[in-house]
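Start at 1 and go down the list; that is how both ligands and their atoms are numbered.
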Amino acid sequence: MSGTGLILAIESSCDETAAAVVERGERALSSVVASQIATHARYGGVVPELASREHLRAIVPVVRAALAQANITLDDLDAIAVTSGPGLAGALLVGITYAKALSFAQNIPLIAVNHLEGHIHAVLLHERSLPDGRTSEEDEQALALVVSGGHTHLYLASPSSSGWTYKLVGRTLDDAAGEAFDKVAKLLGLPYPGGPWIDALALYGDPHAVPFAFSQIKPKLHLAGKAPRTKAARTAPIADLDHRFLFSFSGIKTAVLRYVELHNLRPEASARAACFFPGSGCGSDGIEMSLKGLSPATKPPKTKAEALAICPQQTLDLIASFQCAVVGDLMKKTFAAAESLGAHRILVTGGVAANRELRARFAAEAARRGIRVAFPTLALSTDNAAMIAAAAWPRLLAHDFADHTLAADPSLALGR
Ligand code: KG4
Ligand code: ZN
């Protein structure tokens, strides 16, 4: 070890091949992300076989670019960190294998990081980079909402002398919020990933036009405590969780489908009903999609102007109402959990944390209640490796290392 405090992190859990160099968990010297969106967009969701192949292609150039941008060599590193789960098995394996090889060749420690913990540290990393930001010594307990394409989880995150500990407080019983954004977008003929398109188009609709009742996104309480239906649900038992903090987004997804059918809003390009329900993301329940039986969608819009041209006002109103309902549900449960747990600080992170309405409404509600809310930068909201390096720093200090037996764990859970 060179004692520089420099960690090179690799992230390949889903459809982004990323590498970053971060100093002492606080200063990102580089963060390189090679997106596979162009590859998967034709299929309306992530195709695992293609993801693994693209990671294999990108991993070496991405790591080289991260080192070059940081203006360092492998010899300057103190450790290699890598995402070990959750995510797509084949995709995780590419990053893990390369990280192991680098750690072995350089004779420096290997640190395994949970992808969800990485998302939480994206906010902490960003906070520390601000001029008046908090330092790691000032860290205090926070309620973290991780809201992405594969996850909608609430954790109570607590700093300790040996790193951070996490207690699972709430989670989705079925779809992740980002998955609902992606599936609704796909139904309306919008490209993958759908979240940014819904975000952009919602500005043109009336959020009160379609009254989605909250009952449609209430959890199915009869499932709580019983065997969960999805593979994702198996990663974290729900029996012990307070039902007020459970999410469910499959109901609103179906309500949107019914509305579209009733009002004949389905565009030609997405008239492939079978493709609405398969998983679209990288959550462990979102991996059913395979190359078999898939055909590329016909000409989805490429620009916002093209998207506006295929969306009648009624569709724009539907989009705005959908987003408003999902953000409202995320807010209601997150703030209720913060109040119930006495948390004065909320961290909102994951791809969906890039959503404009979500940021504005969380910030306004936090100000009204006199508590703090923090988000990562937009670049740190979606998958990246800087967050993995930041999460690895306390592990390096605690000498919490992985060895050559490290394996990909697609269903890896965080906390208890
Ligand atoms: O964190 P992320 O990059 O990957 C996962 O770990 O899943 O999140 C990707 C998810 C996708 O579902 C994408 O549609 C959603 O984040 N997303 C958004 C926005 N940007 C990305 N959802 C809503 N509004 C956005 N602006
Ligand atoms: Zn993620």
(message) Considering both backbone and side-chain atoms of Asp199, is one of its nitrogen or oxygen atoms within less than 3.5 Å of a nitrogen or oxygen in ligand 1?
(response) yes

(message) Evaluate Phe181 for polar contact with ligand 1, using N/O atom pairs at a separation under 3.5 Å.
(response) no

(message) Tell me whether Arg345 is salt-bridged to Glu127, with the criterion being a basic N under 4.0 Å from an acidic carboxylate O.
(response) yes

(message) Quick check: of its N, O or S atoms, which one does Asp383 have closest to the Zn ion (ligand 2)?
(response) OD1

(request) Would you mind reporting whether Asp15 and Ser35 have side-chain heavy atoms less than 4.5 Å apart? (result) no

(message) Quick one: does any side-chain atom of Asp78 pair with a main-chain N or O of Ile7 as donor and acceptor, under 3.5 Å?
(response) no

(request) Assert yes or no for the condition that the ring centre distance of His399 to Phe401 is strictly below 6.0 Å. (result) yes

(request) May I ask you to list the atoms of ligand 1 that are less than 4.0 angstrom from any heavy atom of Gly149? (result) 5 (C), 7 (O), 8 (O), 9 (C), 10 (C), 12 (O)

(message) Evaluate Thr382 for polar contact with ligand 1, using N/O atom pairs at a separation under 3.5 Å.
(response) no

(request) Pick, from Ala180, Cys14, Ala200, Gly351, the option with the minimum heavy-atom distance to atom 15 (C) of ligand 1. (result) Gly351

(message) Side chains of Glu16 and Glu54, heavy atoms from C-beta outward: is any pair under 4.5 Å?
(response) no

(request) Give a yes/no answer: is there an N/O/S atom of His115 under 2.8 Å from the Zn ion (ligand 2)? (result) yes

(request) Please indicate whether any nitrogen or oxygen in Gly178 is less than 3.5 Å from any nitrogen or oxygen in ligand 1. (result) yes

(message) Show me which atoms of ligand 1 lie under 4.0 Å from any heavy atom of Asp182.
(response) 11 (C), 12 (O), 13 (C), 14 (O)

(message) Need the ligand 1 atom indices (1-based, order shown) with element for anything under 4.0 Å from a heavy-atom of Gly195.
(response) 14 (O), 18 (C), 19 (C), 22 (N), 23 (C), 24 (N), 25 (C)

(request) Look at the N, O or S atoms of His151, main chain and side chain alike, and state whether any lies under 2.8 Å from the Zn ion (ligand 2). (result) no

(request) Evaluate the salt bridge (charged side-chain N to carboxylate O under 4.0 Å, His left out) criterion for residues Glu49 and Arg53: first the C-alpha distance (whole Å), next the side-chain angles of each, then the deciding distance (0.1 Å), finally the verdict. (result) CA-CA 6 Å; Glu49 292 93 327; Arg53 197 180 73 189; over 6 Å; no

(message) Under a 4.0 Å threshold between the charged nitrogen and the carboxylate oxygen, would Arg361 count as salt-bridged to Glu357?
(response) yes

(request) Salt-bridge test for Glu365 and Arg369: reply yes if a basic N is under 4.0 Å from a carboxylate O, no otherwise. (result) yes

(message) At under 4.0 Å between heavy atoms, is it the side chain or the backbone of His119 that contacts ligand 1, or both, or neither?
(response) side chain

(request) With heavy atoms of Pro193 as the reference, note each atom of ligand 1 found under 4.0 Å away. (result) 13 (C), 14 (O)

(request) Answer yes when Asp182 and Lys186 have at least one side-chain N-carboxylate O distance shorter than 4.0 Å, and no when they do not. (result) no

(message) If you take the centroid of each ring, where Trp contributes its six-membered ring, are Tyr259 and Phe212 closer together than 6.0 Å?
(response) no

(request) Run the numbers for me: atoms of ligand 1, each under 4.0 Å from some heavy atom of Ala354, listed by number. (result) 20 (N), 26 (N)

(message) Could you check whether any heavy atom of His115 sits closer than 4.0 Å to an atom of ligand 1, since that is the contact criterion I want to use?
(response) yes

(request) Check each atom of ligand 1 against the heavy atoms of Ser148 and keep those under 4.0 Å away; list them by number with element. (result) 1 (O), 5 (C), 6 (O), 7 (O), 8 (O)

(message) Strictly distance-based, threshold 3.5 Å: is any side-chain N or O of Thr349 a donor or acceptor partner for the main-chain N or O of His119?
(response) yes

(request) Give yes if a backbone or side-chain nitrogen or oxygen of Gly150 is under 3.5 Å from a nitrogen or oxygen of ligand 1, and no if not. (result) yes

